[in-house]
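Order of the sequence lines sets the chain letters (A, B, ...), proteins ahead of strands, with each chain counted from 1. The figures here come from the full heavy-atom set of this structure, side chains too, leaving out hydrogens, waters and symmetry mates.
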Amino acid sequence: MSAKKSLQRPKGMQDVLPEDRRYWDFVIHAATDLAQRYGFERVDVPIIEDTELFARGVGTASDVFVQKEMYTIEEPDGSSIALRPEFTAGVMRAHIQNGMSSWPQPVKIFTMGPIFRRERPQAGRFRQHSQFDAEILGETDPAADLEVMMLAMNLYRDLGYQGLTFQLNSTGCPHCRPGYLELLTAYLSTYAGKLAPIDNERLEKNPLRVLDSKEPGMDELLASAPHIVDHLCEDCAAHFADLRLMLDNMEQSYTINFRLVRGLDYYTKTVFEVWAQGIGAQAAVCGGGRYDGLAEAIGGPSIPGVGFGSGIERIVMGLKQQGIEPPESAKPIALVAHFGGATKIAAVQLCYRLREAGIGTRLAFARERRSLKSQMREANRSEVKFALIIGESELEEGFVAVRPLTGGDQARVPLSEIVDWVKNG
RNA sequence: GCGGGUAUAGUGUAGUGGUUAACACGUCUGGUUGUGGCCCAGAAGAUCGUGGGUUCAAAUCCCACUACUCGCCCCA
């Protein structure tokens with residue numbers, strides 16, 4: 001690895017080579033297919049939005065976030081735009097701008113593409129990564145929560161994942177969360193002496209975050225901590241109960257994880273993740289939940305929403321880890337070999353005839369005459385079924401020598417019949 | 001921003017002070033005029049991450065830097 005500095009890809013970003021690409025195609029096809037089966041429609045939103053849109057979506061800590069975690073671009077007119085660090089804000093913006101509230105309700109959309117966060121990379125976390133994202137906008141029915149949850153779960157099931165678990169919690173709403181935070185803070189304060197410095201800091205700034213602390217000993221320390229699901233308001237409690245009832249009736253198991261939290265105010269009610277076998281330090285293969293406060297937070301009308309995002313790189317890593325083999329990517333069927341000159345002209349023509357007929361074909365390139373051995377080796381490496389050889393004698397007589405690479409006898413086929421011959425072979 | 005690990009051809013590795021840095025895979029060429037895989041022969045490909053230091057002598061020891069990687073912070 002001695003590539004020159006300038007020829008290195010940027011930190012935290014990666015090249016997807018053909019060998020890996022088939023995993024991606026596998027995931028993307030499965031996700032698209034499944035989302036459409038659930039009645040979601042594909043949309044695409046820009047990779048860049050106004051920095052302000054994302055900043056508002058992030059709430060109080062936005063200054064730090066904008067500087068440290070977002071890739072921003074200053075425009076000549078002084079405005080600032082940013083590479084999207086998530087999908088939801090852009091999707092919500094698109095909803096408002098395109099008047100989706102007057103579409104048939106609710107609006108069910110999915111999208112996928114790259115997102116950018118200037119984090120320190122580690123296993124399963126990159127500065128550029130791709131997400132599959134699905135959202136239901138304009139619906140408060142917990143059946144919508146169930147729907148995005150099941151879409152996520154069934155995606156991983158379709159892909160062949162084993163050992164999947166739902167982690168589920170409710171994060172309440174602006175009515176009931178403050179009361180819970182008081183209880184939690186009171187509880188944690190009695191342990192202040194035993195908390196790690198980092199957790200004491202969290203206790204000050206964002207007590208919920210103490211719950212997902214990775215410091216040792218937290219299990220015991222939190223053993224009798226208050227759970228938010230025991231302190232929900234009537235509306236949130238009913239929503240949660242309804243969702244659980246549906247999950248139970250579908251015999252879909254889940255773990256209520258009182259330590260599963262979201263840091264931002266606009267998140268409401270349902271929070272969920274799907275966990276698979278760990279990818280480095282990351283167990284979650286998707287994260288999602290309800291964000292009934294987001295639309296207003298970014299300066300729009302009140303629009304309830306629920307959705308999830310799932311990192312494609314992470315899904316691919318999981319597939320490899322679990323030994324799941326995606327289908328082979330398409331290989332050409334034929335390679336056309338020749339000896340230059342007039343035979344090359346004929347070979348080029350044949351090559352395009354085959355391609356027009358829908359037959360994947362590779363042409364042997366050669367500025368001058370090239371040995372047939374070398375062309376045959378290329379055919380073998382390309383894993384084609386047939387080498388179609390046009391030499392001087394074949395050209396003269398209007399034939400093609402067809403050599404099956406998978407065994408069997410070589411044939412002489414009239415040039416006029418070769419397309420059908422390959423199609424049927 | 002903080003900590004651990006690593007750094008030798010395209011890839012994976014060997015080489016812990018002493019002549020032209022080794023092996024495997026991959027790539028290319030050839031093994032009689034126009035036939036792949038297996039096999040055989042050969043070739044190309046590395047200023048041993050960068051810079052400094054120790055030494056008669058450094059890929060090898062020391063220091064710094066950089067990059068990569070794993071973890072922490074953060075995680076919309």
Side-chain angles (χ1 to χ4, degrees), chain A residues 1-14 17 19 49 53-62 64-70 82 84-92 115-127 129 131 133 196-199 201-202 205-206 209 212-215 261-267 273 279-282 284 287-289 291 293-294 297-298 307-309 311 335 337-340 343 364 369-395 401-407 410:
Chain A
M1 297 280 278
S2 58
K4 293 199 181 101
K5 201 176 171 186
S6 58
L7 294 182
Q8 263 184 206
R9 75 182 80 91
K11 184 195 288 292
M13 310 200 174
Q14 44 188 199
L17 304 181
E19 193 183 326
E49 300 272 1
L53 173 68
F54 297 127
R56 282 186 190 160
V58 179
T60 51
S62 62
V64 181
F65 176 75
V66 169
Q67 296 178 14
K68 288 183 60 184
E69 305 269 335
M70 262 202 298
R84 64 185 175 206
E86 56 148 350
F87 269 114
T88 313
V91 167
M92 191 59 95
I115 70 171
F116 301 83
R117 301 177 183 181
R118 198 201 305 275
E119 309 178 286
R120 196 74 183 270
Q122 62 189 70
R125 304 183 66 175
F126 309 101
R127 289 185 163 188
H129 77 277
Q131 276 194 3
D133 181 85
I198 179 70
D199 286 325
E201 215 175 292
R202 287 170 172 140
K205 294 198 320 208
N206 195 344
R209 285 257 152 246
D212 68 348
S213 168
K214 286 165 195 152
E215 296 297 322
V261 295
R262 291 284 126 98
L264 301 171
D265 292 342
Y266 61 73
Y267 279 104
E273 291 184 349
I279 314 274
Q282 333 294 331
Y291 45 89
L294 173 64
I298 64 172
F308 75 95
L335 177 133
H338 62 267
F339 295 103
T343 64
R369 189 183 180 91
R370 178 173 160 200
S371 79
L372 186 56
K373 177 197 276 291
S374 158
Q375 298 183 66
M376 289 303 295
R377 278 186 172 149
E378 180 177 340
N380 190 246
R381 275 180 280 125
S382 314
E383 299 181 68
V384 298
K385 283 192 185 138
F386 304 107
L388 307 182
I389 304 160
I390 302 187
E392 284 86 359
S393 60
E394 284 82 4
L395 183 59
V402 179
R403 181 169 183 84
L405 278 287
T406 46
Q410 187 160 323

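The residue Ala379(A) sits apart from the nucleic acid: no heavy atom pair falls under 4.0 Å. Residue-level contact check: Arg202(A) touches the backbone only, with heavy atoms under 4.0 Å from sugar-phosphate atoms and none from bases. Nucleic acid contact class of Tyr267(A) (heavy atoms, under 4.0 Å, all strands): sugar-phosphate only.
Comparing C73(B), G30(B), C70(B) against the side chain of Ala123(A) picks out C70(B) as the nearest. Closest approach to the Phe339(A) side chain among U35(B), G34(B), C2(B) is made by G34(B) (side chain taken as heavy atoms from C-beta onward). In the set C70(B), G34(B), C74(B), G34(B) carries the atom at the smallest distance from any side-chain atom of Glu394(A). Distances from the side chain of Arg403(A) to the nucleotides C68(B), G36(B), C73(B) place G36(B) closest. Picking from G34(B), G71(B), C74(B) the nucleotide with the shortest atom distance to the side chain of Arg120(A) gives G71(B).
Under a 3.5 Å cut-off, the side chain of Glu49(A) and the backbone N or O of Phe54(A) do not form any donor-acceptor pair. Distance alone, capped at 3.5 Å, is enough to place a donor-acceptor pair between the Arg117(A) side chain and the Pro85(A) backbone. Side-chain atoms of Arg127(A) come within 3.5 Å of backbone N or O of Glu119(A) as a donor-acceptor pair.
Rounded to an integer number of Å, the gap from Lys11(A) NZ to U66(B) P is 10 Å. With rounding to whole Å, Arg125(A) atom CZ is found 10 Å from C72(B) atom C1'. What separates CG of Leu372(A) from P of G34(B) is a distance of 8 Å, to the nearest Å. As rounded to whole Å, 13 Å separates atom P of C28(B) from atom CD of Gln375(A). Straight-line distance from the CZ atom of Arg262(A) to the C1' atom of C74(B): 14 Å, rounded to whole Å. Protein atom CG of Leu405(A) is 11 Å distant from nucleotide atom P of G37(B), rounded to whole Å. When the C1' atom of A67(B) is taken as reference, atom CZ of Arg127(A) falls 13 Å away, rounded to whole Å. Between the P atom of G36(B) and the CG atom of Leu335(A) lies a distance of 14 Å, rounded to the nearest Å.
Using P as the reference atom, G36(B) and U8(B) are 37 Å apart when rounded to the nearest Å. A distance of about 43 Å separates the P atoms of C65(B) and C28(B), rounded to the whole Å. G26(B) and G37(B): their P atoms are spaced 12 Å apart (whole Å). Look at the P atom in both A14(B) and U20(B): the space between them is 24 Å, to the nearest Å. Rounded to the nearest Å, the gap between the C1' atom of U13(B) and that of C40(B) is 25 Å. One P atom belongs to A9(B), the other to A59(B), and the distance between them is 14 Å to the nearest Å. Spacing between A21(B) and A46(B) at atom P, rounded to whole Å, works out to 13 Å. When the P atom is compared between C61(B) and C39(B), the two are found 38 Å apart, to the nearest whole Å.
Within 3.5 Å, no donor on the side chain of Arg381(A) pairs with an acceptor on the base of G37(B), nor the reverse. Checked by distance alone, Arg118(A) brings no side-chain donor or acceptor within 3.5 Å of a matching partner on the base of C74(B). Side-chain to base pairing of Asn380(A) with G37(B): no donor and acceptor N or O lie closer than 3.5 Å to each other.
Remark on RNA chain B: of its neighbouring residues Glu215(A) and Pro404(A), the 5'-side contact belongs to Pro404(A), judged by nearest-heavy-atom nucleotide. Of the two residues contacting RNA chain B, namely Ile198(A) and Pro10(A), the nearest-nucleotide position lying further toward the 5' end is that of Pro10(A).
Glu273(A) is linked by a salt bridge (charged side-chain N to carboxylate O under 4.0 Å, His left out) to Arg262(A), counting only residues two or more places apart in sequence or in another chain. For Phe308(A), the ring pair (Phe, Tyr, Trp, His ring centres under 6.0 Å) partners two or more places apart in sequence, or in a different chain, are Phe132(A). Considering only residues two or more places apart in sequence or on other chains, Phe339(A) meets the ring pair (Phe, Tyr, Trp, His ring centres under 6.0 Å) condition with none of them. Scanning for side-chain hydrogen bond (donor to acceptor under 3.5 Å, both in side chains) contacts around Arg370(A) gives Ser374(A), Glu378(A), with sequence neighbours left out. Looking at residues two or more places apart in sequence or on another chain, you find no side-chain hydrogen bond (donor to acceptor under 3.5 Å, both in side chains) involving Glu215(A). By the salt bridge (charged side-chain N to carboxylate O under 4.0 Å, His left out) test, Arg369(A) pairs with Glu392(A), sequence neighbours left out. Every residue two or more places apart in sequence or in another chain was checked for a side-chain hydrogen bond (donor to acceptor under 3.5 Å, both in side chains) with Asn206(A), and none qualifies. Under the rule for a side-chain contact (heavy atoms from CB on, under 4.5 Å), the partners of Ala401(A) that lie at least two apart in sequence or sit in another chain are Ile389(A), Glu394(A), Gln410(A). A search for salt bridge (charged side-chain N to carboxylate O under 4.0 Å, His left out) contacts involving Arg403(A) returns nothing, not counting sequence neighbours.
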Protein proximity profile, nucleotides 40-45 of chain B - base contact B, sugar-phosphate-only contact S, no contact -, cut-off 4.0 Å on heavy atoms: ------

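The shortest non-hydrogen separation linking Leu405(A) to Ala387(A) is CD2-N, 3.2 Å. Heavy-atom minimum distance, Leu335(A) versus Gln375(A): CD2-O, 3.9 Å. Contact detail for Phe87(A) and Gln131(A): the closest heavy-atom pair is CE1-O, 3.5 Å.
Between Ser371(A) and G34(B) there is no side-chain N or O to OP1 or OP2 distance below 4.0 Å. Considering only side-chain N and O atoms, Lys373(A) lies under 4.0 angstrom from the phosphate OP1 or OP2 of G36(B). Between Arg370(A) and U29(B), a side-chain N or O to OP1/OP2 separation shorter than 4.0 Å is absent. Regarding contacts with the backbone of U35(B), every side-chain N or O of Gln410(A) stays at 4.0 angstrom or more from both OP1 and OP2.
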Would you sketch RNA chain B in dot-bracket for me? Only Watson-Crick or G-U wobble pairs with both distances under 3.5 Å count, crossing pairs as [ ], other-strand pairs as |, the rest as dots. ((((((((.[[[[.)..(...]]]].(((((.......))))).....[[[[[..)....]]]]])))))))....

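Proximity of residues 385-393 of chain A to RNA chain B (heavy atom under 4.0 angstrom from any strand atom) is restricted to Ile389(A), Gly391(A), Glu392(A), Ser393(A).
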